[in-house]
Amino acid sequence: MTPGRLLLTGAAGTVGTALRQQLRGFLGDAFPTIRLSDRHDLGTAGKGKEIVYADLTSFEEVRTAMEGVNAVIHLGGIPDEHRYKAIRDVNVDGTYHVLEAARQAGVGRIAFASSIHTVGFYPRAQTISPTVPVRPDTHYGVSKVYGEALGRMYWERYGIEFVAVRICSFQQRPNDARHLSTWLSPRDAAQLFARAVTVPGVGYMVVAGISGNTRRWMSPEGWDALGYVPQDDAETYAAEIEHLHGDPGDLTEQRQGGIFVNSGYTGLAGKEQ
Ligand SMILES: NC(=O)C1=CN([C@@H]2O[C@H](COP(=O)(O)OP(=O)(O)OC[C@H]3O[C@@H](n4cnc5c(N)ncnc54)[C@H](O)[C@@H]3O)[C@@H](O)[C@H]2O)C=CC1
Ligand SMILES: O=C(O)[C@H]1OC(=O)[C@H](O)[C@@H](O)[C@@H]1O
């Protein structure tokens with residue numbers, strides 16, 4: 001891929017902070033400049049980085065952040081279930097702003113932080129491929145389905161390559177039994193996102209965003225094409241965490257989405273307004 005400028009949205013967040021620290025090690029010579037963007041404080045940029053603040057809900061601000069950009073890692077957004085309108089403004093409209101501004105700027109590749117919650121209602125007993133029908137567990141999950149679908153349209157219509165990484169549980173280390181299946185370590189996240197924006201000829205792809213977990217519920221389809229070889233496996237921590245789970249009779253323990261399958265904010269009534 002041609003060297004140039006990579007835009008990282010959501011750079012002040014949990015995943016963004018880790019990528020900010022570790023991405024360069026996996027990018028090699030690609031993208032000499034990483035542009036960090038968020039609406040919250042990003043501190044000082046550091047070597048090879050620059051900062052452009054933008055609120056995802058403002059198309060004009062996103063368009064300014066996109067000037068001179070060749071590829072995007074889009075992490076910015078609300079990362080959990082929330083009021084429908086907030087999800088719509090930031091995750092739905094905001095993701096549209098990113099893709100449309102990218103199209104206008106001539107961006108060639110976008111990697112998108114999708115989520116396990118696109119498929120959260122699948123039973124844990126089932127190993128799923130990235131191509132199974134979606135079963136979102138929340139409005140949040142639906143917003144990620146929208147992002148994946150929008151990416152598909154921008155690939156088909158405009159030839160912008162798009163890799164949706166269905167991140168499961170990004171954590172410094174796995175903390176409970178569910179994470180034995182869902183953990184994505186910081187260094188594996190950095191490798192996966194770096195490959196998602198550098199490996200040539202990917203077209204459109206949805207991949208599991210997990211480490212090389214022995215007990216994974218998602219198949220590794222697409223990892224070969226990206227050349228992603230995870231370095232971590234949550235199994236290393238099994239003895240410390242496998243007893244940390246809820247009642248096996250609860251839906252939250254039976255479905256891949258965990259507590260999200262039973263979260264609040266389910267509609268427009270009452271507190272959801
Ligand atoms: N942490 C995880 O395990 C998972 C994360 N993801 C996705 O990865 C992405 C990053 O997640 P985290 O770092 O955990 O979340 P985070 O909340 O720590 O980071 C999200 C960032 O987006 C920014 N943001 C929110 N609204 C914005 C707006 N209107 N304008 C500009 N920036 C805005 C926030 O300021 C924040 O820095 C999210 O899209 C999330 O849905 C998906 C699956 C799992
Ligand atoms: O389900 C999970 O483990 C994770 O999934 C997500 O999409 C969320 O952004 C994160 O806050 C959760 O912890």
Side-chain angles (χ1 to χ4, degrees), residues 7-21 36-43 51-62 64-65 72-82 85-98 101 110-122 124 136-148 164-186 188-190 192-193 196 206-211 213 217-218 234 252-253 255-263:
L7 173 66
L8 184 66
T9 72
T14 307
V15 180
T17 300
L19 293 196
R20 191 175 167 174
Q21 291 159 357
L36 310 171
S37 187
D38 207 291
R39 64 175 173 177
H40 287 147
D41 186 24
L42 285 156
I51 290 172
V52 180
Y53 288 99
D55 192 315
L56 293 165
T57 62
S58 161
F59 181 65
E60 286 311 316
E61 291 184 24
V62 174
T64 301
V72 179
I73 296 177
H74 177 40
L75 306 175
I78 295 174
D80 295 298
E81 185 61 325
H82 209 295
K85 285 176 182 167
I87 294 280
R88 182 196 63 195
D89 289 350
V90 181
N91 289 13
V92 176
D93 291 352
T95 298
Y96 166 69
H97 292 159
V98 169
I110 298 171
F112 172 59
S114 187
S115 171
I116 184 174
H117 299 289
T118 53
V119 288
F121 268 112
Y122 275 93
R124 296 184 182 191
D137 54 28
T138 40
H139 289 296
Y140 165 68
V142 172
S143 76
K144 295 298 184 180
V145 171
Y146 171 81
E148 293 182 357
V165 177
R166 285 184 178 163
I167 304 175
C168 293
S169 303
F170 177 90
Q171 299 282 336
Q172 292 301 319
R173 50 155 287 169
N175 298 315
D176 60 29
R178 178 170 172 270
H179 291 164
L180 288 168
S181 306
T182 60
W183 186 44
L184 175 64
S185 73
D188 285 341
L192 186 48
F193 275 99
V206 180
V207 294
I210 50 176
S211 286
N213 303 327
W217 303 321
M218 287 190 182
T252 57
E253 287 292 317
R255 304 300 172 97
Q256 300 193 9
I259 56 171
F260 281 60
V261 305
N262 197 21
S263 56

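Every number for a ligand or one of its atoms is a count from 1 in the order of the listing. All values derive from a computational prediction rather than experimental measurement.
Between His179 and ligand 2, not a single N/O pair is under 3.5 Å apart. An N or O contact shorter than 3.5 Å links Asp80 to ligand 2 by distance. Distances between N or O atoms of Ile116 and those of ligand 2 include no value under 3.5 Å. For ligand 1, the polar-atom distance check against Gly16 finds no nitrogen or oxygen pair separated by under 3.5 Å. Looking at Cys168 next to ligand 2, an N or O pair under 3.5 Å apart turns up.
Under a 4.0 Å criterion applied to the non-hydrogen atoms of Ser114, ligand 1 contributes the atoms 42 (C), 43 (C). Interface atoms of ligand 1 facing Ser115, defined by a heavy-atom separation under 4.0 Å, are 42 (C), 43 (C). Which parts of ligand 1 touch Phe170 is read off a 4.0 Å heavy-atom cut-off, strictly below it: atoms 1 (N), 2 (C), 3 (O). Using a 4.0 Å cut-off to heavy atoms of Ser115, the atoms of ligand 2 that qualify are 6 (C), 7 (O). Atoms of ligand 1 found under 4.0 Å from any heavy atom of His40, numbered from 1 in the order shown, are 35 (O). Within ligand 1, the atoms closer than 4.0 Å to a non-hydrogen atom of Gly76 are 22 (O), numbered from 1 in the order shown. Of all the atoms in ligand 1, the ones that sit under 4.0 Å from a non-hydrogen atom of Ala54 are 30 (N), 31 (C).
In this structure, Gly258 does not count as a contact residue of ligand 2, since none of its heavy atoms falls inside 4.0 Å of the ligand. The closest approach between a heavy atom of Cys168 and any atom of ligand 1 is below 4.0 Å. Distances shorter than 4.0 angstrom do not occur between any heavy atom of Lys144 and any atom of ligand 2.
Atom CD1 of Ile259 sits in a sparse spot, with 12 or fewer heavy atoms from other residues, nucleotides or ligands closer than 6.0 Å. More than 12 heavy atoms of other residues, nucleotides or ligands lie within 6.0 Å of OH in Tyr146, so this atom counts as buried by the packing criterion.
The heavy atom nearest to atom 29 (N) of ligand 1, out of those in Asp55, Val62, Thr95, Val98, is found in Asp55. Atom 6 (N) of ligand 1 has its nearest heavy-atom neighbour, among Trp183, Tyr140, Tyr53, in Tyr140.
A distance of 8.5 Å separates CG in Asp80 from CD1 in Ile87, rounded to the nearest 0.5 Å. Here the straight-line distance linking atom OG of Ser181 with atom CD of Gln256 works out to 8.0 Å at 0.5 Å rounding. Here the OG-CG distance, from Ser143 to Asp89, works out to 11.5 Å after rounding to the nearest 0.5 Å. Taken to the nearest 0.5 Å, the CZ atom of Phe112 stands 9.5 Å off from the CD1 atom of Ile167. To the nearest 0.5 Å, atom CG of residue Leu56 and atom NE2 of residue His97 are 9.0 Å apart. The line from CH2 of Trp183 to CZ of Arg178 is 15.0 Å long, rounded to the nearest 0.5 Å.
By the criterion of a heavy-atom distance under 4.0 Å, the backbone of Ser169, and not its side chain, is placed next to ligand 1. Residue-level proximity to ligand 1 for Lys144 is carried by the side chain, the only part with a heavy atom below 4.0 angstrom. With a 4.0 Å cut-off on non-hydrogen atoms, Phe170 does not touch ligand 2 at all. Only side-chain heavy atoms of Val90 come within less than 4.0 Å of ligand 1; its backbone N, CA, C and O stay farther off.
Ring-plane geometry between Phe260 and His117 is classed as parallel, the angle between the planes falling under 30 degrees on a 0 to 90 degree scale with a further cut at 60.
When hydrogens are left out, the protein atom nearest atom 8 (C) of ligand 2 is Pro79 O, 3.0 Å; that is the closest non-hydrogen contact. For atom 13 (O) of ligand 2, the closest non-hydrogen atom on the protein side is Gln171 NE2, 4.6 Å. Regarding atom 6 (C) of ligand 2, its nearest protein heavy-atom neighbour is His117 CD2, 3.5 Å. Among all non-hydrogen protein atoms, the one lying nearest atom 3 (O) of ligand 2 is Ser169 OG, 2.5 Å.
For the pair Ala234 and His179, the tightest heavy-atom approach, listed with the atom from each and the gap, is CB-O, 3.5 Å. Here the shortest heavy-atom pairing between Leu42 and Arg20 reads O-NH2, 2.8 Å.
Under a 3.5 Å cut-off, the side chain of Asn91 and the backbone N or O of Ile78 do form a donor-acceptor pair. Arg124 contributes a side-chain N or O that, together with a main-chain N or O of Arg255, makes up a donor-acceptor pair within less than 3.5 Å.
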Apply side chain to side chain contact (heavy atoms under 4.5 Å, CB included) to Phe193 and Leu75, showing your working. CA-CA 10 Å; Phe193 275 99; Leu75 306 175; 4.1 Å; yes

